[in-house]
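Remember, it's 1-based here, ligands and their atoms both numbered in the order they're listed.
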Amino acid sequence: MDWGLKNRLSRIIKPDGRTVMLAVDHGYFLGPTSGLEDAGKTIKPLLPYADALMPTRGIIRTSIDPSTSTPIVLRVSGGNSILDEDISNEGLTVAMEDAVRLNVMAVAISIYVGSPNQKETLLNLAKLVDEGQRYGIPVLAVTAVGKSMGRDARYLALCCRIAAEIGAHFVKTYYCDGFEKVVSACPVPIVMAGGKKLPELEALELTHNAIKQGASGVDMGRNIFQADNPVAMIQAVKAVVHENAKPKEAFDLYNSLKARKDSGQANDAIMI
Ligand code: 5RP
């Protein structure tokens with residue numbers, strides 16, 4: 001990896017080898033997802049706590065303050081929508097030149113292994129890696145899972161390894177039983193996808209398990225911005241990822257921050 005690409009990746013995955021990415025790219029195929037109806041309003045208070053933000057270019061342009069120092073991981077694949085029977089039909093939706101113009105630290109593309117569009121999505125990944133290498137922009141492969149595919153370790157290990165073999169610099173995938181096998185078979189960092197909204201303690205347990213089994217962090221959206229108190233939740237997730245807090249400790253932090261906010265006090269983390 002050249003210096004520039006390494007430098008960009010080091011802004012996302014911190015010196016402790018970990019990252020808490022805030023995923024807010026849902027609209028590229030889901031439209032106005034609950035909690036992101038006014039994306040700017042949701043994202044603004046969370047931005048200072050995110051190690052990186054994963055938006056679309058439309059959200060960058062309309063809803064993110066250009067003075068932000070939070071690294072951007074730009075969603076550059078799409079072309080599908082929630083109306084599709086089969087959501088695997090994605091292509092590239094942003095030119096690398098525009099990604100560079102937007103000063104992003106990485107680009108993100110979904111791959112659909114085992115789907116009717118497997119080959120196209122994998123060749124798009126290859127093309128994006130070639131362009132990423134040319135411009136020094138790391139590529140995050142997102143192992144999307146179509147409705148008919150099981151999220152078991154065997155399948156997710158296949159997806160992550162294929163992504164890494166094609167050249168992805170880091171990979172986002174789901175937690176599963178046997179997750180440590182998925183991580184150990186992937187030669188590049190893996191971040192855990194948050195997935196559908198869970199009760200906060202469960203989401204923190206999922207995060208803790210993933211970190212314990214070798215994940216380099218999380219790329220979490222709904223479990224943060226759909227929480228009762230998103231600012232408290234991202235700080236609780238960071239406690240697990242960066243301070244090795246246990247789920248219950250992080251959940252206590254969440255509740256104490258939430259109580260402070262509810263009583264009108266500052267929402268900043270207190271040391272645990
Ligand atoms: C699609 C995605 C989503 O756009 C988003 O990033 C998911 O985040 P979360 O599941 O944590 O809400 O990755 O594959």
Checking Q118, E120, E90 against Y112 for side chain to side chain donor-acceptor pair (under 3.5 Å), the one that qualifies is E90
Per-atom contacts, ligand 1 versus A23 - under 4.0 Å to a heavy atom: 6 (O), 8 (O)
Stepwise side-chain contact (heavy atoms from CB on, under 4.5 Å) test for N244 and V240: CA-CA 5 Å; N244 296 313; V240 173; over 6 Å; no
For atom 1 (C) of ligand 1, the closest protein heavy atom turns out to be R75 NH2, 3.8 Å
Do D130 and R134 sit within salt-bridge range, that is, some charged N less than 4.0 Å from a carboxylate O? no
Where is the tightest heavy-atom contact between T56 and D25, given as atom of each residue plus distance? CG2-O, 3.8 Å
Any idea which protein heavy atom is nearest atom 14 (O) of ligand 1, and the distance to it? V142 CG1, 3.8 Å
With a 6.0 Å cut-off on ring centres, are F225 and H26 close enough? yes
Measure the distances from the heavy atoms of K197 to every atom of ligand 1 and state whether one is below 4.0 angstrom. no
With the threshold set at under 4.0 angstrom, would you say A193 reaches ligand 1 through any of its heavy atoms? no
Examine H26 against ligand 1 and note whether any of their N/O atoms are separated by less than 3.5 Å. yes
Quick one: closest heavy-atom pair of A141 and A168, and the distance? CB-CB, 3.7 Å
For M220, atoms of ligand 1 separated by under 4.0 Å from a heavy atom: 11 (O)
Closest approach of any protein heavy atom to atom 11 (O) of ligand 1, naming residue and atom: G221 N, 2.7 Å
What protein heavy atom lies closest to atom 13 (O) of ligand 1? Include the residue and the distance to one decimal. K172 NZ, 3.0 Å
For atom 10 (O) of ligand 1, the protein heavy atom that lies nearest, with its residue and separation: R222 NH2, 2.7 Å
Ligand 1 atoms nearer than 4.0 angstrom to some heavy atom of G194 are 11 (O)
The one among V24, D25, L22 that brings a heavy atom closest to atom 4 (O) of ligand 1: D25
Could you walk me through whether K246 and E243 satisfy the salt bridge (Lys or Arg N to Asp or Glu O under 4.0 Å) test, starting with their C-alpha distance in whole Å, then the side-chain angles of each, then the deciding distance to 0.1 Å, before giving a yes or no? CA-CA 9 Å; K246 298 276 183 297; E243 297 160 33; over 6 Å; no
Please determine whether the number of non-hydrogen atoms from other residues, nucleotides or ligands lying under 6.0 Å from atom NZ of K181 exceeds 12. no
